[in-house]
Amino acid sequence: MDLKEEDILGADIGSHWYYRSKAAALRRAVGSLAPMRLLDVGAGSGFFSRHLLERTPAESALCVDIGYASDRDDSVAGKPVRYRRDTGPTDCDLVLMMDVLEHVDDDRGLVRYYADKVPAGAHFLVTVPAFAFLWSGHDVFLEHKRRYRLPEIEAALRDAGLEIVRGSYYFGFVFPLAAAVRLADRNTTEPRSSLKKQGAVTNGILTAICATELPLFPLNRLAGLSCFVLARKP
């Protein structure tokens, strides 16, 4: 996840409409898999894997991020969480790459690197920001390399040796408003985040809008702010 955004939201990240809604979409995307052992790549604080440990039967999480100063162990809901700068082969059955691939030059190479570390049949849940025309100072602030259309991120995962299970866009209901704001700001390359803390009413309304979208989320291949792709190592 983007640590700069976590720095902005701090302890409120779990209640912010964007991350709360994204976590709900993650649960829906992997719910039928019943994953037990999570490998969270570019995990930062481990927000998403910790969320799954708290809300699902998943038993453990291995959070990997080159930004960690040192290795450490923790727990969530009585379940082990290990924080590491890298990992060798693991038996993890679900790999999370939540807003990671847009940060690296070689997205396919990073996927291959971790695909080699997990067993055959392991699933990957990948999210990336959608649509190049939405590029703004927000992407510059977060040090993104690119944004993706859904077919582009699916092609990248296939090139890395994975099989696509399904893909869709999310944040489709707020897409028109967000797109209008981004397009109005498209000529601005000054690094600045568009994510901010919201008042309780605005936060509640946006959370409710995104929750309304959830039943349609797996079918949405038209538009949204994020691409969600579930893939599988053959």
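Just so we're clear, the structure is a prediction, and the values are computed from it rather than from any experiment. The analysis underlying the following values was restricted to heavy atoms, covering all of them including side chains, and did not include hydrogens, waters or symmetry mates.
Under the 4.5 Å side-chain heavy-atom criterion for ILVMFWY residues, no single connected hydrophobic cluster contains both Ile66 and Met98. A continuous path of hydrophobic side-chain contacts links Ile205 to Tyr170 [ILVMFWY only; heavy atoms under 4.5 Å].
Annotation: salt bridge (charged side-chain N to carboxylate O under 4.0 Å, His left out) contacts of Arg82 (sequence neighbours excluded): none. With sequence neighbours excluded, no residue forms a ring pair (Phe, Tyr, Trp, His ring centres under 6.0 Å) with Tyr113. Residues meeting the side chain to side chain donor-acceptor pair (under 3.5 Å) test with Arg108, sequence neighbours left out: Asp159. Every residue meeting the salt bridge (charged side-chain N to carboxylate O under 4.0 Å, His left out) condition with Asp73, not counting sequence neighbours, appears here in chain and number order: Arg84.
Residues in residues 53-83 take part in these ring-ring contact (aromatic ring centres under 6.0 Å, His included) pairs, two or more places apart or across chains: Tyr68-Tyr83.
Side-chain atoms of Asn203 do not come within 3.5 Å of backbone N or O of His16 as any donor-acceptor pair. The backbone N or O of Phe228 lies less than 3.5 Å from no partner atom in the side chain of Arg166, so there is not a single donor-acceptor pair. Using a distance-only test at 3.5 Å, with no hydrogens or angles considered, no donor-acceptor pair links the side chain of Arg146 to the main chain of Pro129. Using a distance-only test at 3.5 Å, with no hydrogens or angles considered, a donor-acceptor pair links the side chain of Ser49 to the main chain of Gly46. Remark: side-chain polar atoms of Glu213 are paired, donor with acceptor, to backbone N or O of Phe171 under 3.5 angstrom. Remark: side-chain polar atoms of Arg232 are not paired, donor with acceptor, to backbone N or O of His123 under 3.5 angstrom.
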Are Thr56 and Val30 close enough, and set up right, to give a side-chain contact (heavy atoms from CB on, under 4.5 Å), and what steps lead you there? CA-CA 10 Å; Thr56 75; Val30 304; over 6 Å; no

Between Leu157 and Phe124, does the side-chain contact (heavy atoms from CB on, under 4.5 Å) criterion hold? Intermediate values first, please. CA-CA 9 Å; Leu157 298 180; Phe124 283 64; 6.0 Å; no

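By the 4.5 Å heavy-atom criterion applied to side chains, Val95 and Lys233 are not counted as neighbours. Inter-residue side-chain proximity for Leu206 and Arg20 is flagged as unmet; no heavy-atom pair is nearer than 4.5 Å. His144 has its side chain within reach of His103: a pair of non-hydrogen atoms, C-beta onward, lies under 4.5 Å apart. In this structure, the side chains of Met97 and Tyr114 come closer than 4.5 Å at one or more pairs of heavy atoms. Within the 4.5 Å cutoff, the side chain of Leu230 has heavy atoms near those of the Leu33 side chain. Here the side chains of Arg147 and Phe133 are not in contact, with every heavy-atom distance at 4.5 Å or above.
Under a 4.0 Å N-O distance rule, the pair Lys145/Asp107 does not qualify as a salt bridge.
The two residues Val174 and Cys210 come nearest to each other via the heavy atoms CG1-SG, 4.3 Å.
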Side-chain donor/acceptor pairs under 3.5 Å, residues 216-224, sequence neighbours excluded:
residue: Asn220; atom: OD1; partner: Leu222; partner atom: N; Å: 3.0
residue: Asn220; atom: OD1; partner: Ala223; partner atom: N; Å: 3.3
residue: Asn220; atom: ND2; partner: Tyr169; partner atom: O; Å: 3.3
residue: Asn220; atom: ND2; partner: Ala223; partner atom: O; Å: 2.8
residue: Arg221; atom: NH1; partner: Glu154; partner atom: OE2; Å: 2.9
residue: Arg221; atom: NH1; partner: Gly167; partner atom: O; Å: 3.0
residue: Arg221; atom: NH2; partner: Glu154; partner atom: OE1; Å: 3.0

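Between atom OG1 of residue Thr127 and atom CG of residue Asp99 there is a gap of 3.5 Å, rounded to the nearest 0.5 Å.
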